[in-house]
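Just the heavy atoms: all of them, side chains too, but no hydrogens, waters or symmetry mates, feed the values below. Reminder, nothing fancy here: chain letters follow the sequence lines and each chain counts from 1.
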Amino acid sequence: MAEGDDLRQMRLAKLEKLRSEGIDPYPKDYHRTHLTAQAIQQFDELAGEDVRIAGRIVSMRILGKATFAHIADGSGRIQIYARKDVLGEEQYDDFRTLDIGDFIGVSGSLFRTKAGEITIETKGYTLLAKSLRPLPEKWHGLVDVEKRYRQRYLDLIANPDVRKIFEVRSAVIEAMRTFMRERGFIEVETPALQPLYGGAAARPFETYHQALDRTLYLRIATELYLKRLIVGGFEKVFEIGKNFRNEGISIKHNPEFTAMESYEAYADYIDVMEMVEQMMAFMARMVFGKEEITYKGQTMRLTPPWRRITMRQAIIEATGIDFRQYPDQQTLSAKMAEAGMKFDPALSRAKLIDHMVSTYVEPKLIEPTFVMDFPVEVSPLAKRKTDEPDLVERFEGYIGGMEIANAFTELNDPIDQRERFVKQLEERAAGDEEAHVMDEDYVIALEHGMPPTGGLGIGIDRLVMVFTDQQSIREVILFPQLRTRREE
RNA sequence: GGGCCGCUAGCUCAAUCGGCAGAGCAAUUGACUCUUAAUCAAUCGGUUCCGAGUUCGAGUCUCGGGCGGCUCACCA
């Protein structure tokens with residue numbers, strides 16, 4: 001039998017003993033008067049007064065007839081001090097049988113120890129929940145990455161920094177909501193289960209609805225539904241929610257991820273750009289109190305205006321290649337090969353350009369930067385530039401080399417939109433599994449008329465990575481997707 | 001999916017060239033009424049991820065499998 005089981009057996013025995021003594025090891029509630037952090041903060045007013053706190057025993061030092069322990073709650077931790085001559089022999093002996101990991105409620109008065117630590121002199125305590133399994137080790141905490149993700153609760157108990165990441169994540173999302181609401185956007189919810197998926201280039205998860213006897217897809221984006229709302233007369237909408245993409249898992253990809261998408265009537269991508277830089281600065285201010293963040297050791301100011309560069313110019317700067325001089329796939333791929341670049345020669349011209357951006361441009365975009373004007377082929381939902389119809393009015397926003405925003409002037413010409421879908425279908429037939437499918441229902445919506453609209457998508461997980469200085473998306477998702485262990 | 005690396009006590013980690021599988025913390029017992037990585041003494045705790053193989057002998061070498069990390073491809 002493993003040690004863990006031994007320990008569990010011993011604690012189960014303690015549990016039974018408590019029950020036999022008429023003590024409920026899992027009582028219903030306990031009314032506390034203070035959080036541990038409040039008790040410490042308000043020590044000057046509370047010294048000598050009785051307080052009631054509750055939390056988990058995280059350390060214990062038994063010195064014969066006196067015992068010190070630390071109790072942790074959501075706000076922090078506080079030391080408690082229990083003495084035999086205060087509690088009485090019976091209660092004190094019971095106290096000594098408590099285990100690290102147990103939840104207790106403690107009442108007593110606040111004082112300061114010789115070492116200067118604010119402490120509760122325990123006058124009474126109540127067991128609130130018995131623990132049966134040991135907590136991670138106190139010195140090194142929990143470092144086994146797999147265990148940290150699979151049993152995130154242990155990670156949160158053992159590693160305060162991890163807890164902090166998720167507090168920041170919550171604050172970032174709240175700041176984003178506040179920003180959007182203050183700008184007059186209303187928050188909406190659109191279907192996650194969709195009869196047709198669209199709004200991004202990705203493979204979907206498929207599922208099946210029994211009663212309707214039909215295949216449904218988990219959404220890969222909220223885009224097409226949100227734009228139907230613009231058709232319907234809402235002029236500023238946004239949605240924060242999960243998207244699902246049936247693709248590989250990596251340091252930057254989780255199969256389900258959170259995105260914020262917004263659409264604003266009578267705005268174009270330049271307006272959206274202005275909004276994004278305002279939003280980022282606002283969020284940093286709300287979360288950190290300044291318009292600055294540190295990522296990978298570099299401190300960056302998010303204060304508007306951000307650097308703006310066209311994709312064409314960015315590629316010229318990074319590689320010396322001006323794709324406009326190579327108007328077809330053959331000439332461009334020949335030039336790229338000549339420059340010694342490695343790439344899949346079967347890629348279309350647009351995807352070659354995309355390849356150069358992600359390989360040579362993105363890693364250099366440390367300072368907040370907008371890359372503008374993308375090839376029309378990789379942007380089937382964006383409006384063409386009037387003077388350069390092979391490009392669209394689209395930008396991506398980068399911080400620290402990480403793409404955090406994607407936006408464009410929305411294509412509201414239903415004729416052009418239908419043609420773009422047809423083009424996507426051709427690419428799909430040619431083997432591109434991520435090309436869009438035809439969404440007739442969406443085109444019909446556009447045919448009823450959609451005002452000029454600026455749209456935006458922000459990957460919240462990646463944004464939180466930048467805001468919390470994390471290199472892996474798994475560190476900002478509480479329960480990242482992992483392979484399930486095969487049962488023996 | 002490909003490549004590289006990892007998996008040893010509940011946790012964090014050792015183990016020389018292939019030669020008795022160890023430490024700290026946790027746990028158990030005892031001492032101890034201001035400790036805080038409490039201290040002191042003693043004790044318990046192992047399918048070395050799983051399965052084969054080579055060998056007198058495998059944590060260590062070989063093969064297969066599982067899980068994880070990084071990386072490449074794809075994507076946000």
Problem - Residue pairs involving residues 100-116 of chain A (criterion salt bridge (Lys or Arg N to Asp or Glu O under 4.0 Å); sequence neighbours excluded) - result: A:D102-A:K130
Exercise for the section: Please list, chain by chain and in numerical order, all residues satisfying side chain to side chain contact (heavy atoms under 4.5 Å, CB included) with A:A339, sequence neighbours excluded. Expected result: A:I321, A:M341
Handout entry: Distance-only donor-acceptor test (3.5 Å): side chain A:T113, base B:rU35
Key = yes
Problem - P atoms of B:rG51 and B:rU60, separation to the nearest Å - result: 13 Å
Fill in the blank from the handout: Atom CG of A:D99 and atom P of B:rU29 are separated, to the nearest Å, by 10 Å
Completion exercise
Residue pairs meeting salt bridge (Lys or Arg N to Asp or Glu O under 4.0 Å), one or both in residues 270-280 of chain A, sequence neighbours left out, come to A:R183-A:E274, A:E277-A:R308
Exercise for the section: Determine the Euclidean distance between corresponding C1' atoms of B:rC72 and B:rC49; express it in Å to zero decimal places. Expected result: 27 Å
Exercise for the section: Taking only the side-chain nitrogens and oxygens of A:R148, find out if one of them lies under 4.0 Å from OP1 or OP2 of B:rG68. Expected result: no
Fill in the blank from the handout: CD1 (A:I220) and CG (A:N246) are apart, to the nearest 0.5 Å, by 11.0 Å
Problem - Contact under 4.0 Å: A:R133 side-chain N or O vs B:rC11 OP1/OP2 - result: no
Handout entry: Pairs where residues 360-371 of chain A contributes a residue and the test side-chain hydrogen bond (donor to acceptor under 3.5 Å, both in side chains) is met, not counting sequence neighbours
Key = A:E362-A:Y398
Practice task
Would you kindly give the CD1-to-C1' distance between A:I120 and B:rC34, to the nearest whole Å?
Solution key: 16 Å
Exercise for the section: May I ask you to check if A:R152 and A:F479 form a cation-pi contact, with NZ or CZ under 6.0 angstrom from the six-membered ring centre and within 45° of the axis? Expected result: no
Problem - Nucleotide nearest A:E146 (side chain, heavy atoms from C-beta), chosen from B:rC67, B:rG10, B:rU28 - result: B:rC67
Problem - Donor + acceptor pair across side chains of A:R96, A:Q91 (<3.5 Å) - result: no
Handout entry: Below 4.0 Å: OP1/OP2 of B:rC70 and any side-chain N or O of A:R474
Key = yes
Completion exercise
Contact check, residues 61-87 of chain A vs RNA chain B, heavy-atom distance under 4.0 Å, returns A:R61, A:I62, A:L63, A:G64, A:K65, A:A66, A:F68, A:H70, A:Q79, A:Y81, A:R83, A:D85
Exercise for the section: Could you measure between the two C1' atoms, the one in B:rG45 and the one in B:rG10, and give it in whole Å? Expected result: 9 Å
Handout entry: Short side-chain donor-acceptor distance under 3.5 Å, A:E90 and A:Y92
Key = no
Problem - Residues in side-chain hydrogen bond (donor to acceptor under 3.5 Å, both in side chains) contact with A:E21, at least two apart in sequence or another chain - result: A:K17
Practice task
Could you tell me the separation between the CG atom of A:L352 and the P atom of B:rA73, rounded to a whole number of Å?
Solution key: 14 Å
Practice task
Assert yes or no for the condition that the ring centre distance of A:F408 to A:Y269 is strictly below 6.0 Å.
Solution key: no
Practice task
Give a yes/no on whether any side-chain N or O of A:K252 is located under 4.0 angstrom from OP1 or OP2 of B:rC72.
Solution key: no
Practice task
Take atom CZ of A:R96 and atom P of B:rG30, then tell me their distance rounded to the nearest Å.
Solution key: 8 Å
Handout entry: Integer angstrom distance from the P of B:rG64 to that of B:rU28
Key = 45 Å
Exercise for the section: Please report, rounded to the nearest Å, how far the P atom of B:rU35 is from the CD atom of A:E121. Expected result: 15 Å
Interface polar pairs with nucleotides 12-15 of chain B, N/O, under 3.5 angstrom:
from	atom 1	to	atom 2	distance (Å)
B:rU12	OP1	A:V143	N	3.1
B:rU12	OP1	A:D144	N	2.8

Handout entry: Residues that A:P255 engages under side chain to side chain contact (heavy atoms under 4.5 Å, CB included), provided they are two or more places apart
Key = A:F205, A:I249, A:Q481
Completion exercise
Assign each of A:G459 and A:T359 the nucleotide of RNA chain B bearing its closest heavy atom; nearer the 5' end lies the nucleotide of A:T359
Exercise for the section: Using whole Å, report how far CG of A:L7 lies from P of B:rA9. Expected result: 16 Å
Completion exercise
Winner on side-chain proximity to A:I251, out of B:rG69, B:rA26, B:rC70, is B:rC70
Problem - Rounded distance (Å) that lies between atom P of B:rG69 and atom CD of A:Q471 - result: 15 Å
Problem - Atom C1', compared across B:rA9 and B:rU43: separation rounded to whole Å - result: 15 Å
Completion exercise
Per atom distances to the A:I100 side chain, the nearest of B:rG68, B:rA26, B:rC32 is B:rA26
Practice task
Rounded off to whole Å, could you give me the CD-to-C1' distance for the A:E433 and B:rG1 pair?
Solution key: 13 Å
Problem - P gap between B:rA58 and B:rC20, integer Å - result: 12 Å
Exercise for the section: Using side chain to side chain contact (heavy atoms under 4.5 Å, CB included) as the criterion, list what pairs up with A:V361, not counting sequence neighbours. Expected result: A:A314, A:I315, A:A318, A:V357, A:L365
Exercise for the section: With C1' as the reference atom in both, quote the distance from B:rU55 to B:rG19 in angstrom, rounded to an integer. Expected result: 12 Å
Completion exercise
Hits for ring-ring contact (aromatic ring centres under 6.0 Å, His included) against A:Y149, two or more places apart or cross-chain, chain-then-number order -> none
Exercise for the section: Pull out every stem in RNA chain B, meaning runs of 3 or more consecutive Watson-Crick or G-U wobble pairs with both distances under 3.5 Å. Expected result: B:1-7 with B:66-72, B:10-13 with B:22-25, B:27-31 with B:39-43, B:49-53 with B:61-65
Practice task
For A:K242, report the nucleic acid contact type (base, sugar-phosphate, nothing); a contact means any heavy atom under 4.0 Å.
Solution key: nothing
Exercise for the section: Pick base, sugar-phosphate or nothing for A:N254, based on heavy-atom distances below 4.0 Å to the nucleic acid. Expected result: base
Exercise for the section: Can you tell me, in whole Å, how much space there is between the C1' of B:rG6 and that of B:rU48? Expected result: 14 Å
Practice task
Pick base, sugar-phosphate or nothing for A:A115, based on heavy-atom distances below 4.0 Å to the nucleic acid.
Solution key: base
Fill in the blank from the handout: Across all chains, not counting sequence neighbours, the side chain to side chain contact (heavy atoms under 4.5 Å, CB included) partners of A:S109 are A:D50, A:E121, A:K123
Exercise for the section: Could you tell me whether A:Y398 contacts a base, only the sugar-phosphate backbone, or nothing, with contacts defined as non-hydrogen atoms closer than 4.0 Å? Expected result: nothing
Fill in the blank from the handout: Judged by nearest nucleotide, the residue sitting upstream toward the 5' end of RNA chain B, A:K351 or A:P136, is A:P136
